[in-house]
Every structure is written in structure tokens, then in C-alpha cells.
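Chain identifiers are assigned alphabetically (A, B, ...) following the order of the sequence lines, protein sequences preceding nucleic acid strands; residue numbering begins at 1 within each chain.
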There are 2 protein chains.
Amino acid sequence: MELTKTEEDYLKALFHLTEESEADKAGTNQLAEYLGISPASANNMLKKLKGKALVAYEKYGKLELTGQGKAVAVRLIRKHRLWETFLHQHMNFSWDEVHGVAEQLEHIQSPKLIAELDRFLGFPRRDPHGAVIPGADGEYDTPPKATLSSLQAGDACRLVAVDDSSEALLRYVSRIGLALNSRIQVEEIHEFDGSLSILVEGVLTMVSKQFADRVFVEKL
Amino acid sequence: MELTKTEEDYLKALFHLTEESEADKAGTNQLAEYLGISPASANNMLKKLKGKALVAYEKYGKLELTGQGKAVAVRLIRKHRLWETFLHQHMNFSWDEVHGVAEQLEHIQSPKLIAELDRFLGFPRRDPHGAVIPGADGEYDTPPKATLSSLQAGDACRLVAVDDSSEALLRYVSRIGLALNSRIQVEEIHEFDGSLSILVEGVLTMVSKQFADRVFVEKL
DNA sequence: TTAAAAAGTTAGCTTATTCTAACATTTGTG
DNA sequence: CACAAATGTTAGAATAAGCTAACTTTTTAA
Ligand SMILES: [Mn+2]
Ligand SMILES: [Mn+2]
Ligand SMILES: [Mn+2]
Ligand SMILES: [Mn+2]
């Protein structure tokens with residue numbers, strides 16, 4: 001039972017909204033908003049996906065992926081992140097350029113190609129944004145991630161991942177001299193708005209709380 | 001004006017039927033047959049492509065690509081062959097496995113990716129079947145190709161390309177010990193059915209005329 | 001030169017995906 | 001509670017592709 005590119009994108013969106021965001025409830029409007037389509041279109045597709053046993057929900061109720069639906073989404077995320085890694089490491093794509101093309105490449109149907117790509121890349125476990133790449137067996141552990149905003153003044157940390165949903169954020173992270181594994185020293189947290197003064201490569205920079213909420217670190 | 005994957009495939013099919021085959025006339029039925037769809041569907045799409053100035057024809061008349069239509073087709077062929085080369089050289093895909101996946105990959109939209117892929121591959125000029133890869137500027141010279149069947153008994157040649165339209169042919173070519181650049185010695189041509197006795201790597205093999213018509217060589 | 005055969009076109013449906021506008025249900029608040 | 005806002009659903013239409021059956025035009029060939 002082959003799925004269309006569109007059906008795949010809906011399942012991936014649902015996975016992000018239910019399994020990967022803190023608010024693990026997802027509604028029709030939210031899904032529509034996320035995908036940039038009308039609620040009516042989302043509702044229409046949800047009916048179809050329910051018919052294929054990929055999504056489970058009652059009329060006016062909460063949306064959930066079935067086990068099958070989740071499996072499809074995880075496979076898609078695996079492909080997406082492997083392609084992003086390829087584009088970044090071998091095609092000279094910058095951090096913020098990889099996502100759009102990977103959004104297309106993730107729909108290529110060829111188990112052999114994915115297996116070979118994985119091997120070619122040296123079985124990477126993280127994509128260019130630091131996100132975990134699901135295994136070939138569907139294993140997908142999301143290690144607990146601490147945000148930069150959760151640290152205290154005086155703490156030091158290592159940048160392990162960045163929210164990849166905004167290209168502007170990715171460009172900004174590079175602009176201020178950060179990259180995966182950069183060491184960050186929290187100098188001061190300003191109570192007024194939660195902004196932080198951080199030390200990166202010896203340079204003192206000021207970042208907003210919105211920024212610090214989307215950057216994930218490992219405390220040192 | 002973005003084209004759909006389907007429109008792209010029609011243009012590529014028309015290019016093969018008009019520019020690349022000896023019979024440079026193409027009709028609706030032929031196109032339909034080539035694409036595995038009904039003549040009615042082909043006719044329907046032809047109207048649309050005519051409206052977009054990619055195909056030129058009069059009702060009941062011969063089909064032709066416009067300059068624009070040709071340019072799209074050549075870009076597609078370039079992408080197809082670059083991907084085939086990538087799959088063969090870096091993803092361990094055999095000669096006969098590359099085509100299907102390249103048929104999908106050719107529709108990925110990203111000029112940067114194609115430029116980088118070309119660089120990554122070392123600016124190859126031939127794909128794994130020996131077909132010429134069009135240049136980034138749209139240049140596409142098809143060097144005159146001699147078929148194995150055009151040689152005389154006693155001639156020696158080098159295999160330069162193989163018709164890639166049949167996977168069975170590609171597998172057969174490998175099976176009898178041939179690969180690009182193999183040296184072939186024509187021992188005898190049998191008048192009855194045009195079949196040939198050829199010497200490959202010291203082994204005498206018998207091949208049919210149908211086979212020899214689809215294998216391209218350079219006389220030595 | 002005329003009548004099949006072949007080739008090409010049209011009409012009318014189907015499925016997939018999306019939209020807008022209208023309608024229904026649920027939620028949240030005074 | 002009661003009703004307004006938020007959320008979700010339905011109806012009806014559009015676009016893109018494809019199909020079958022019927023019809024028209026061109027070609028072939030007796
Ligand atoms: Mn991404
Ligand atoms: Mn996608
Ligand atoms: Mn090919
Ligand atoms: Mn294709």
C-alpha cells in the first residue's frame with residue numbers, strides 16, 4: 001500500500017506535533033496551520049488516513065498516530081536527516097540550506113539507496129542540526145535535551161542541537177559564531193526579560209530568551 | 001512557471017521520441033505507448049503543454065518540442081544521468097538498478113544540488129551506460145554512434161555505450177562479460193539471421209542481431 | 001479510388017488534493 | 001448556566017491526471 005508524498009508529509013507533521021512537541025495533543029487546526037493548508041483540507045486527509053489505519057481519532061476528538069503511522073513517520077525522518085547530512089557534508093550546503101531539499105529527497109522510494117547512503121555517510125547518529133537520526137530498525141530514542149535557557153549564571157555547556165524549524169534561527173546561530181559542539185559560558189541572566197549574556201570563543205554576546213529556548217546544550 | 005513531475009516526464013519522453021530516435025516523428029499514440037498511458041490521456045496533456053508553449057503541433061499533426069520544451073528535457077536528462085552516475089559510483093548500484101531510482105531523483109528541484117553533484121562526481125561526461133551527460137549550459141552533442149551490428153567480420157572495437165531502455169539487456173551485457181570499454185573482436189557474421197560470433201576476453205560468444213543493434217562501439 | 005485500419009480527439013467519469021463558505025460541536029468565561 | 005469564541009466538519013467547486021467508449025481524421029492498400 002504505497003503512500004503518496006502528501007500522505008507522508010501529513011504523517012510526519014502529525015509525528016512532530018504529537019510525539020516531538022511537549023504539548024502531545026494535536027488538533028485539526030493545528031495540523032492545518034503547521035502544513036500551511038486549510039482546516040477543511042486537513043480534515044479531509046485525516047479521514048483518509050484513518051481509513052488506512054495510520055491515524056486514530058474520533059470526530060471532534062484528539063489526533064493520534066497508530067503504530068503503523070508512527071513507523072512511517074520515523075522512516076521518513078530517518079531519510080530526511082540522512083539526506084540533510086549528505087547535503088551538508090558532501091554537497092557544501094550550509095546549515096540553513098539543507099532542509100528544503102531534504103523535504104523533497106525524503107520521498108524517494110528506495111530502501112537500498114537509504115541503506116547505502118547510511119553506509120556512505122559512516123552511519124551518522126546526528127544530523128547537521130544535532131537531531132538524532134532514527135535507526136534502520138525504527139529505533140528512535142530522543143535523549144532528554146536541556147535548553148540554554150535552563151542554565152544558571154556561571155554554568156558552562158556544549159551546544160548539542162538547534163531547533164531546525166526556522167532557517168533564520170540557524171543563520172543567526174552561525175552569525176554569532178556558534179556551531180555544534182561550541183563551548184558556551186553563561187555569564188549572566190537578566191531577570192527583566194530572561195535574556196542571557198554568554199561567552200562564545202572569548203566573545204561576549206547577548207541573546208534573547210526566545211533564542212535560548214531553541215538551542216539545546218549539555219552542561220559541562 | 002513550475003512544471004509538475006508528470007509534465008516533466010512527458011517532455012523527456014517527447015525528447016527521446018523526436019530528438020533521440022532515428023524516426024524523428026512522434027505521434028500521440030506512440031507517446032502514450034512509451035509512457036504506458038492511454039492515447040486520450042496523452043492528448044489531454046499535449047493540449048496543456050501546447051498551451052505552455054513547450055510542445056508545438058496542429059490537431060492531427062506531428063508532435064514537436066519547442067526550444068523551451070527541449071531545454072527542459074535536456075536539463076532533466078542531465079539530472080537523470082548525473083544521478084545514475086552517483087548511484088553507480090558511490091551507492092553500489094549495478095548497471096541495471098540505477099534507472100528506476102534516477103527516474104525519481106531527476107525531479108528534485110535544486111540547481112545548487114545538481115551543480116554540487118556534478119563537481120562531486122568530477123564533472124563526468126558519460127553516465128554508467130556510456131550515454132553523454134548534457135552540460136550545465138544545455139549543450140548536448142550526441143556523437144555519432146556505430147552499432148556492433150554495423151561491423152564486418154574481422155573488425156575489432158571497443159564498447160562505448162549500451163541502450164539503457166531495457167534492464168534485461170543491461171544484465172545480459174554483464175552476464176556475457178562485457179562492460180564499458182571492453183574490447184570486442186568480431187569473428188564471424190552469420191548471414192541467415194545476422195547473428196555474430198564475437199570474442200570477448202578470449203571467450204567466443206554468439207550474440208543475436210537484436211543484441212548487436214543495441215550495443216554501441218568505436219571501431220579500433 | 002474507395003473502404004478498412006490506424007491514429008488522434010472528444011465526452012464524460014474517477015481519484016487525489018486543495019479551497020471557501022456554511023454549519024456543528026466543544027470550550028471557556030462571565 | 002449561557003453564550004461567544006475556538007475548533008472541527010460538511011458541502012460544493014476547482015485543478016491535475018488518468019481511464020473508457022465513442023467519434024473523426026488520416027493513412028494504407030486493395
Ligand atoms: Mn530538517
Ligand atoms: Mn516532504
Ligand atoms: Mn537511465
Ligand atoms: Mn521521471
Does the side chain of S41(B) get closer than 4.0 angstrom to OP1 or OP2 of dC19(D) through an N or O atom?
yes
Scan the side chains in residues 25-37 of chain A for donor-acceptor partners under 3.5 Å anywhere in the protein, sequence neighbours excluded, and list what turns up.
unit_1	atom_1	unit_2	atom_2	d
Q30(A)	OE1	G27(A)	N	3.1

Here's a test for you: under side-chain contact (heavy atoms from CB on, under 4.5 Å), which of R81(A), E103(A), E84(A) qualifies with V98(A)?
E84(A)
dA16(D) P sits how many Å from L46(B) CG, rounded?
16 Å
5'-most by nearest nucleotide on DNA chain C - K5(A) or P39(A)
K5(A)
Any idea which of dT18(C), dC19(D), dA21(C) is nearest the I37(A) side chain?
dT18(C)
For the student: nearest non-hydrogen atoms of C157(B) and L148(B), plus distance:
SG-CD1, 4.2 Å
What is the distance, rounded to the nearest whole Å, between atom CG of L31(A) and atom C1' of dT7(D)?
13 Å
The side-chain contact (heavy atoms from CB on, under 4.5 Å) partners of S174(B) (sequence neighbours excluded) come to W95(B)
Return the value, rounded to whole Å, for the distance between atom CG of L63(B) and atom C1' of dG8(C).
10 Å
Choosing from dC19(D), dT10(C), dG8(C), which nucleotide comes nearest the side chain of K47(B)?
dT10(C)
I want to verify a distance call: between dG8(D), dT18(C), dG8(C), whose nearest atom is closest to the N29(A) side chain?
dG8(D)
Nearest-nucleotide pick for A40(B), side chain only, options being dT9(C), dT10(C), dG8(D)
dT10(C)
Within the structure shown, what part of the strands sits under 4.0 Å from S38(B) by heavy-atom distance: base, sugar-phosphate, or nothing?
base
Think N43(A) has a side-chain N or O under 4.0 angstrom from the OP1 or OP2 of dG8(D)?
no
Taking dG18(D), dG8(D), dT18(C) as options, the one with an atom nearest any side-chain atom of T6(A) is dT18(C)
To the nearest Å, give me how far apart CG (L17(B)) and P (dG8(C)) are.
12 Å
Short side-chain to backbone donor-acceptor contact, Q104(A) and Q109(B), under 3.5 Å
yes
d(CG, N44(B); P, dA16(D)) in whole Å:
10 Å
For F120(A) and H90(A), take the angle between the two ring planes, folded into 0 to 90°, and tell me which bin it lands in: parallel under 30, tilted 30 to 60, perpendicular over 60.
tilted
Rounded to the nearest angstrom, tell me the gap between atom CD in E33(B) and atom C1' in dA7(C).
13 Å
Whole Å only: how far is the CE atom of M45(B) from the P atom of dT15(D)?
15 Å
With respect to H99(B), which candidate in H129(B), H80(B), H88(B) satisfies the ring-ring contact (aromatic ring centres under 6.0 Å, His included) definition?
H80(B)
Could you check which residues of residues 49-62 of chain B get a heavy atom under 4.0 Å from DNA chain D? Sort them by number, please.
Y60(B)
